2 protein chains.
Amino acid sequence: MRNNTRNHNIVKEIFENYLENNQLRKTKSRFSILDTIYKLESHFDADELFQLLKKKSEPVSKATIYNTLEVLETCGLIRKHLFTKNHAVYEPSYGFSQHDHLICTGCNKIIEFCDPRIQAIQTTIGKLFNFQIEERSLTLYGTCIDQACKNKHIDNKQNK
Amino acid sequence: MRNNTRNHNIVKEIFENYLENNQLRKTKSRFSILDTIYKLESHFDADELFQLLKKKSEPVSKATIYNTLEVLETCGLIRKHLFTKNHAVYEPSYGFSQHDHLICTGCNKIIEFCDPRIQAIQTTIGKLFNFQIEERSLTLYGTCIDQACKNKHIDNKQNK
DNA sequence: CTGCATGCAAACTCTTTGCACCCGC
DNA sequence: GCGGGTGCAAAGAGTTTGCATGCAG
């Protein structure tokens, strides 16, 4: 359940407050971007966002896309992932429970999962090394059972 | 204890066998690269490797570096990490126990850690989604207590 | 001597930057 | 109107690729 009007409004409010408190301007582009992101069902990258906005006739330049994504990441409304090289993938993060990712190396499908034990590990390691842990990234890679997967359970270490 | 002559020899043998079995040539460059990597104490990137080889008067072009890193990754002798954007970091993987990473967002220090619970999570999630899990990446980000750290326990979500 | 491996430089991709113009405050 | 935000295009970094030459088998 990735979509939800109430969250959408709360998120907009959080963003507005953040912009105000940091002397950043409430521009049309910034809200177009936030809106588009929070209507998405899944992960997205900068270019998809660019294309979507163009299609909606609210075009925004790449420079602004990246600028806004950075602002949104800083205020915690989106999360950035580096699953594959040279290609950042983002996802909305407000109202979605913290989770990690399972990725099929065959078809690149991204599955989200939760396991409370991860939090325990995070706490243990933070204490052990006297670190204040701010973020984690846990990603499992494997092959899925999808019929359409190019790489059905066949061992193939290549295309990751 | 990241260094060890016995491992060094075994690794060389594994690599030779791999090359033979895959009709790949045993070139001087490939062995220079493997040697250099397995003499390193820590993580490295393509450019560091390039510089090291140049300094040792066994220069190898970037193209060959990347080519060989890919071969080594495929045969499981090194592991590739994407801790930060647009910048792959590698580490030798034979003879070093499986571990995960803790990274300081202030000074980029990389610390290795082990926690057996991660393996359990991996197994659970694999069963749950019927995935054959081949690899995982767990990285925790935070701020360290190093005196020299540019970012001593001060909240700073920026430079990741 | 055959053809994979290498070196070089150019191409590529994603992202960032410089600068003139625009618009929120 | 001031100063940050935007769009555009060009620059940048890391990595990949094309092609001629070199060397392993």
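Just the heavy atoms: all of them, side chains too, but no hydrogens, waters or symmetry mates, feed the values below. Nothing here was measured: the structure is a model prediction, and the numbers come from that model. A note on names: the letters A, B, ... follow the listed sequences, proteins ahead of strands, and every chain is numbered from 1.
Judged purely by distance below 3.5 Å, without hydrogens or angles, the side chains of A:His99 and A:Glu91 pair a donor atom with an acceptor atom. In summary, the side chains of B:Ser61 and B:Thr64 do present a donor paired with an acceptor at a separation below 3.5 Å, with no hydrogens or angles considered. For the 3.5 Å distance criterion, the side chains of A:Glu112 and A:His101 fail to qualify, holding no donor opposite an acceptor.
Distances shown here put a side-chain N or O of B:Thr27 below 4.0 Å from the OP1 or OP2 atom of C:dT6. Side-chain nitrogen and oxygen atoms of A:Asn67 include none within less than 4.0 Å of the OP1 or OP2 phosphate oxygen of C:dT16. Phosphate proximity of D:dG3 to A:Arg25: absent, as no side-chain N or O sits under 4.0 Å from OP1 or OP2. A sub-4.0 Å separation between OP1 or OP2 of C:dT16 and a side-chain N or O of A:Tyr66 is absent.
Nearest heavy-atom pair, B:Ile125 versus B:Ile133, reported as atom, atom and distance to 0.1 Å: C-CD1, 4.4 Å.
One N or O on the side chain of A:Asp45 and one on the backbone of A:Asp47 form a donor-acceptor pair closer than 3.5 Å. When atom types are taken as modelled, the side chain of B:Tyr141 and the backbone of B:Phe83 share a donor-acceptor pair closer than 3.5 angstrom. Under a 3.5 Å cut-off, the side chain of A:Arg79 and the backbone N or O of A:Glu73 do not form any donor-acceptor pair.
DNA chain D is contacted by no residue of residues 48-62 of chain B, taking any non-hydrogen atom closer than 4.0 Å.
For B:Leu24 and C:dT6, the CG to C1' distance is 14 Å, given to the nearest whole Å. As rounded to whole Å, 6 Å separates atom P of D:dG25 from atom NZ of B:Lys26. As rounded to whole Å, 17 Å separates atom C1' of C:dC14 from atom CZ of A:Phe83. Computed from coordinates, the A:His87 NE2 to D:dT16 P distance equals 15 Å when rounded to whole Å. If you measure from atom CD of B:Glu20 to atom C1' of C:dC4, you get 16 Å, rounded to the nearest angstrom. The nearest whole Å value for the distance from the CG atom in B:Asn22 to the P atom in D:dA24 is 19 Å. In this structure, CD of B:Gln23 is placed 15 Å from C1' of C:dA5, rounded to the nearest angstrom. One can place CZ of B:Arg30 at 12 Å from C1' of D:dC23, the figure rounded to the nearest angstrom.
Remark: B:Lys62 qualifies as a cation-pi partner of B:Phe50 under the 6.0 Å distance and 45° angle criteria applied to the six-membered ring.
The listed nucleotides are D:dT15, D:dG7, C:dT6; the one nearest the side chain of B:Thr64 is C:dT6.
With the nearest nucleotide of DNA chain D identified for both B:Ala63 and A:Thr68, A:Thr68 has the one nearer the 5' end.
The distance from the CG atom of A:Leu140 to the SG atom of A:Cys104 is 12.5 Å, given to the nearest 0.5 Å.
Here A:Lys28 lies out of heavy-atom contact (under 4.0 Å) with every strand. A:Asp45 comes within contact range of no nucleotide atom at all, as no heavy-atom separation falls under 4.0 Å.
In this structure, B:Phe15 has its ring center closer than 6.0 angstrom to the ring center of B:Phe31.
End-to-end axis angle of the helix from C:dC1-D:dG25 to C:dC25-D:dG1, from C1' rotation axes over five pairs per end: 30° (rounded to 10 degrees).
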